[in-house]
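Along the sequence shown, the residues carry numbers beginning at 1. Model, not experiment: these values are computed from the prediction.
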Amino acid sequence: MAAVQTEGSLCSQPWQRPLYIYGGLACNSLMADSWSDRTPLHEAAYQGRLLHLRRLIAQGFHVDTLSLDRISPLHEACLGGHYACAKFLLDAGANVEAVTTDGATPLFNTCSSGSAVCVRLLLQHGASLHTPYQLASPIHEAAKKGHRECLELLLSYGAHIDMELPVVGTPLYSACMAGAATCVGLLLHSGADVQRGCGQDSPLHAAVQGGEANVVDLLLDFGADGCCRNAEGQSPLDLLPPNSAVRTALQKRGPCSLSQLCRFCVRRSLGGSRLHRASSLFLPHSITDFLLYK
């Protein structure tokens, strides 16, 4: 005990204590659980206190100091949406691909907080768009949280628009389940497959459970099949209680017009990745605008 007390008295400050290696990465040596092991560096990053962050790094804190849950200061800065702190940490050498034990990356945290400037910063520093951890996908997080600007940036950098993951489905399915109408609209306009959801559940199944009539209308406008059935043999209509607004919206829809059917066919033929080329086709502007829902 005396030896331990002497060592503690000699190293009374967190930055004076040795860093231990946990999973090949530097971790705070005193930490016991996911909250008690938050260092002043983590706190400063989360609260957006840039000057304090600079001072702590100058005093000797490692820029990639991790908690036992592998949460880095960059994770905290991104979760708080603090651009200046995130930039400082990255410029100081922070690992843009750090992954927590839950599979979250700084990009995932940024998509959760909704900071588009932080998303752009991380992407410019080479952050991966996709993660092997299936419950922590940046594009799914941005879609379900309704963060349209973050979603636009991810798509512009080449994120897979129809990436389907177990349990969470596609980004469109996640957005429909959350009732995030702006993100549903963006995904559909960008060429997301209106029928691809989660297994046999379609985005329309998700939308009726979300209870947003405007999301249901959007999906139907883009050719969603109101008669498709899930693994239990239920159509979207079967999932709705009587007299609900969403049920009324579904029942009011008649068959698609010939022009709508043609639009669906042409868009499917082009494919989501080539929709932007529709403007280069030798077609009247009015038809091109119709194809692109303008």
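Side-chain contact between L66 and T100: absent, with no pair of heavy atoms (C-beta onward) separated by less than 4.5 Å. Looking only at side-chain heavy atoms (C-beta outward), D69 and D102 stay at 4.5 Å or farther from each other. Residues L107 and C78 form no side-chain contact, since every pair of their non-hydrogen atoms from C-beta on lies 4.5 Å or further apart. The shortest distance between side-chain heavy atoms of F88 and I57 falls below 4.5 Å. A heavy-atom distance below 4.5 Å is not found between the side chains of N109 and L74. At least one side-chain heavy atom of V96 sits under 4.5 Å from a side-chain heavy atom of L122. Using a 4.5 Å heavy-atom cutoff, the side chains of V119 and S115 are not in contact. Put simply, the side chain of P171 does not reach to within 4.5 Å of the side chain of K144, judged on heavy atoms.
The two residues V208 and P236 have their closest heavy-atom pair at CG2-O, 3.7 Å. Nearest heavy-atom pair, H160 versus H130, reported as atom, atom and distance to 0.1 Å: N-NE2, 3.1 Å. In terms of heavy atoms, P203 sits closest to L172 at CG-CD2, 3.8 Å. D64 and G93 get closest at one heavy-atom pair: OD2-O, 3.8 Å. Of all the heavy atoms in L204 and A224, the pair that sits closest is CD2-CB, 4.3 Å. The two residues G103 and A136 make their nearest non-hydrogen contact at O-CB, 3.2 Å.
When each of D225, V184, D221, L219 is paired with V194, the side-chain contact (heavy atoms from CB on, under 4.5 Å) condition holds for L219 and for no other.
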Start with the C-alpha gap between I71 and E76, add the side-chain angles, then the distance that decides, and say whether side-chain contact (heavy atoms from CB on, under 4.5 Å) holds. CA-CA 8 Å; I71 298 169; E76 298 285 24; 3.8 Å; yes
Apply side-chain contact (heavy atoms from CB on, under 4.5 Å) to the pair C198 and V167, showing each step before the final yes or no. CA-CA 7 Å; C198 185; V167 182; 5.7 Å; no
Evaluate the side chain to side chain donor-acceptor pair (under 3.5 Å) criterion for residues E97 and T105: first the C-alpha distance (whole Å), next the side-chain angles of each, then the deciding distance (0.1 Å), finally the verdict. CA-CA 6 Å; E97 301 286 25; T105 60; 5.8 Å; no
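Side-chain N or O atoms of S202 include none that pairs as donor or acceptor with a backbone N or O of Q195 at under 3.5 Å. Side chain of E164 to backbone of G199: a donor-acceptor contact under 3.5 angstrom is found. Side-chain N or O atoms of R247 include one that pairs as donor or acceptor with a backbone N or O of L240 at under 3.5 Å. At distances below 3.5 Å, at least one donor-acceptor pair connects side-chain atoms of D162 with backbone N or O atoms of D193.
Taken together through direct or relayed side-chain contacts under 4.5 Å among Ile, Leu, Val, Met, Phe, Trp and Tyr, L53 and Y83 form part of one hydrophobic cluster. Hydrophobic cluster membership is shared by V246 and L218, with clusters built from Ile, Leu, Val, Met, Phe, Trp and Tyr side chains linked at under 4.5 angstrom. Side-chain heavy atoms closer than 4.5 Å link hydrophobic residues (I, L, V, M, F, W, Y) into clusters, and following such links, even through other members, never connects V117 to L79. The cluster map of Ile, Leu, Val, Met, Phe, Trp and Tyr, joined by side-chain heavy atoms under 4.5 Å apart, puts F61 and L89 in the same cluster. The cluster map of Ile, Leu, Val, Met, Phe, Trp and Tyr, joined by side-chain heavy atoms under 4.5 Å apart, puts M163 and L123 in the same cluster.
Between D238 and R229, at least one side-chain N (NZ, or NE/NH1/NH2) sits under 4.0 Å from a carboxylate O, which counts as a salt bridge.
Heavy-atom contacts from other residues, nucleotides or ligands closer than 6.0 Å to CZ of R196 number more than 12. The number of heavy atoms from other shown groups lying within 6.0 Å of CG (N243) does not exceed 12.
Between L90 atom CG and H125 atom NE2 the span is 4.5 Å, to the nearest 0.5 Å. From D201, atom CG reaches atom CD of Q234 across 8.5 Å, with rounding to the nearest 0.5 Å. Here the OG1-CG distance, from T110 to L121, works out to 8.5 Å after rounding to the nearest 0.5 Å. A distance of 9.0 Å separates CG of L237 from SG of C227, quoted to the nearest 0.5 Å. A distance of 8.0 Å separates NE2 of H82 from CD of Q47, quoted to the nearest 0.5 Å. Summarising the geometry, atom NE2 belonging to H75 is positioned 8.5 Å from atom CG belonging to N95; distances are rounded to the nearest 0.5 Å.
Side-chain atoms of H42 and T39 form a donor-acceptor pair, as typed in the model, at a separation below 3.5 Å.
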Return a table of donor-acceptor pairs under 3.5 angstrom between the side chains of residues 147-155 and protein atoms on other chains or two or more places apart.
from : atom 1 : to   : atom 2 : distance (Å)
H147 : NE2    : S112 : O      : 3.2
R148 : NH1    : T182 : O      : 3.4

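Aromatic ring centroids of Y173 and H140 lie 6.0 Å or more apart.
Among residues two or more places apart in sequence or in another chain, the ring pair (Phe, Tyr, Trp, His ring centres under 6.0 Å) test is passed with F108 by none.
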